[in-house]
Protein chains: 2
Amino acid sequence: MKSNQTTIVDIANELKISKSTVSRALTGHPSVKTETRARVLELAEKLDYQRNMLSISLITNKTKTIGIVLPEFITSFFPQVVVGAQEEAARQGYSVLISQCNESYETEVANSKVMLANRVDGVMVSLTKETLNYDHWKAFIRKGIPVVFFNRVCEEMMVPKVVVNDYDAAFKAVEHLISIGKRRIAHLAGPSSLVITRKRTNGYLDALKKHNIPVDEELIIGYDLTLNKVKMYVKHLVELDNPADALFAVNDPTAIEAIQVLKQLGKRIPEDVAVVGFSDNYGSNFIEPSLTTVAQPVREIGRNAMELLLGLMDKDISEWKPLIRTLDAELIVRNSTVKGS
Amino acid sequence: MKSNQTTIVDIANELKISKSTVSRALTGHPSVKTETRARVLELAEKLDYQRNMLSISLITNKTKTIGIVLPEFITSFFPQVVVGAQEEAARQGYSVLISQCNESYETEVANSKVMLANRVDGVMVSLTKETLNYDHWKAFIRKGIPVVFFNRVCEEMMVPKVVVNDYDAAFKAVEHLISIGKRRIAHLAGPSSLVITRKRTNGYLDALKKHNIPVDEELIIGYDLTLNKVKMYVKHLVELDNPADALFAVNDPTAIEAIQVLKQLGKRIPEDVAVVGFSDNYGSNFIEPSLTTVAQPVREIGRNAMELLLGLMDKDISEWKPLIRTLDAELIVRNSTVKGS
DNA sequence: CTGTTAGCGCCTTCAC
DNA sequence: GTGAAGGCGCTAACAG
């Protein structure tokens, strides 16, 4: 199965010179006669010669490829992170091998193997909601392949991470609800396996404490991000003897779902129940009422993670620093908490 | 720069046997003593040996990697196509190299070069809105690398394609508008460079013709999908002497933008202006009024394109058939055309 | 300035 | 059953 692609040998034969000279001319080595170089380049152009990265990778033991492993590809968050990451990668001459895991731990492990087999120079990872074991990522470190986490990070691994200040943002979001007079603030939390989720919950708890509002366990519901359960939870929360008058949702899809349910139940938003989300997803600005939420600098997250990762490329393992870059997330107040804002 | 990854040589040295035997044991060659194989496999497991695909690719001239080149990554459409494509690829043991082009022709060309340099076994492509020259993709065919287009296809290249019946769906969408009594049906069309866009426009035109509604050029606006222009266009359309009473938008983001503008202008939807979109994007079901639109089998598009592509893998160029697979798209009627439906 | 040699990690002959 | 040798396309080191 011979390739149809032009090789250095083809050019060398055609020009009746040695392969090394062709190689040198192609790689811009100074010690090549200008005329020889010109002839090589011309023929290469004519034959549409394309360097075979495979052989180069085999020699240099670098593929100039970065793996990006994502938990899902459905919400607009991760694709946009990829855009930022890819921009930075391209700028530094790297390609990107992407895989998404459908929120499945098994798939995450399988995808990590693919990355290894393809000899990526590093990986940028956000964990699935199921992931509790990190051996597959620790293996990368052991093999000298840098790992950078973003968004859904692994706390126990001492590697660079890019996150947003989930705690602060959640704190502010809940303070905002308090400031508009809400006291029975419910929280639809994400799975406790995710650090970001726990941070958001902590922000919620501390905001209540600061304002001397008793924490009512009844108002806190942890769930697995399966949207079709939201209806049941929201119904439960507003039908309590002492019902919720506000909802802080772990993310926007949850909040959007909740708004729809509340409307079905005939509740006024924000008068009866105010709602705050997290992420400023597509649609959050045009759902009615528009959703108060926390905006994350999505592309910047991707760009920063890639930057940190590529920064480790030429360094020895001993120089890797578990730098944590925290980006600012910002509360955007819309109509789901403040009428006509 | 030596790798930290275990190689066949490591195993051979450790076990004091030849590399070839190790290789045979690892690849499941029958002519290896059961005991030898067991020892090799055990050590490979212990050392977390991972085959180096690079060298195998170099030998077999196959990378088991498929390139996916997308025009953008912002709308939910393409990421979901990727999910379907990746599922099929994984099922057949292929990895996927993804790149998105920010709707830029230059970037598309650059990305195609990256795919070539990485020696992908094939590419799955959807064109940017700027792309009018296809030389970079024709080069793939010349080099014996199969190309399959989906969604935004290249008409002049005789390669497999996966599309939805844009014409039929547009036709039905416009007939639907006619059926609810609309006669001044405007069309916000996409750039004429895209085939899908032209097909949708043709469906629009023929539906009008079939129902003896005169085509008014004033009501047809072609634009470059830059959302911030929608406001101007919609305003223009409803302020005509003989204003539009319905709008068929080339895609959902456009339709959603239009709905927001119409509401700002105090128009009632659908009474004053009915709106139909295309694609059933995220958010189209919860914008108010909810958007009547054409739903595409997004994942299936990805799955089918990948299937067609992988089907060409072991075949000779002469056997490649320019098969066009057309999937059904379906009109979903919501409140932007029929109140309370 | 240019040619020759060796080798990246693996698999595939060809021998024994 | 196992070992030794050659080569995929390219670059780096060593000669001239």
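In the text below, chain A, chain B and the rest are named by the order of the sequence lines, each starting its count at 1.
If you measure from atom CG of Leu58(A) to atom P of dC10(C), you get 9 Å, rounded to the nearest angstrom. With rounding to whole Å, Gln50(B) atom CD is found 15 Å from dC10(C) atom C1'. Remark: P of dG9(C) and NZ of Lys143(A) are 14 Å apart, rounded to the nearest angstrom. Rounded to an integer number of Å, the gap from NZ of Lys62(B) to P of dG9(D) is 13 Å. One atom, CG of Asn52(A), and another, C1' of dC8(C), lie 13 Å apart when rounded to the nearest Å. Look at CG on Leu54(B): it is 12 Å from C1' on dC8(D), rounded to the nearest Å. Atom-to-atom, CZ of Arg39(A) to P of dT2(C) comes out at 10 Å; the value is rounded to the nearest Å. Protein atom NZ of Lys16(B) is 17 Å distant from nucleotide atom P of dT2(D), rounded to whole Å.
The side chain of Lys33(B) approaches dG1(D) more closely than any other nucleotide in the set dG1(D), dC10(C), dC1(C).
As judged by a 4.0 angstrom heavy-atom cut-off over every strand, Ser31(B) is placed among the base-contacting residues. As judged by a 4.0 angstrom heavy-atom cut-off over every strand, Thr36(B) is placed among residues touching the sugar-phosphate backbone only.
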Would you please test Phe73(A) and Phe73(B) for ring-ring contact (aromatic ring centres under 6.0 Å, His included) and show each step?
CA-CA 10 Å; Phe73(A) 230 10; Phe73(B) 232 10; 5.4 Å; yes
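A salt bridge links Arg152(A) and Glu103(A); the closest N-O separation between the charged side-chain nitrogens and carboxylate oxygens is under 4.0 Å. We find that Glu42(B) and Arg39(B) are not joined by a salt bridge, their nearest charged nitrogen and carboxylate oxygen being 4.0 Å or further apart. Note on Arg325(B) versus Glu300(B): no salt bridge recorded, every NZ/NE/NH1/NH2 to OD/OE distance being 4.0 Å or above.
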Across nucleotides 11-16 of chain D, 5' to 3', mark each nucleotide with B, S or - according to how protein heavy atoms within less than 4.0 Å reach it.
BBB---
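Using a 4.0 Å cut-off, no side-chain N or O of Thr21(A) falls inside it from OP1 or OP2 of dT2(C). Look at Ser18(A) and you'll find a side-chain N or O under 4.0 angstrom from OP1 or OP2 of dG3(C).
Considering only residues two or more places apart in sequence or on other chains, Tyr49(A) meets the ring-ring contact (aromatic ring centres under 6.0 Å, His included) condition with none of them.
A donor-acceptor pair shorter than 3.5 Å cannot be found between the side chains of Asn102(A) and Ser104(A).
Of all heavy-atom pairs spanning Phe149(B) and Val159(B), the tightest one is CD1-CG2, 3.5 Å.
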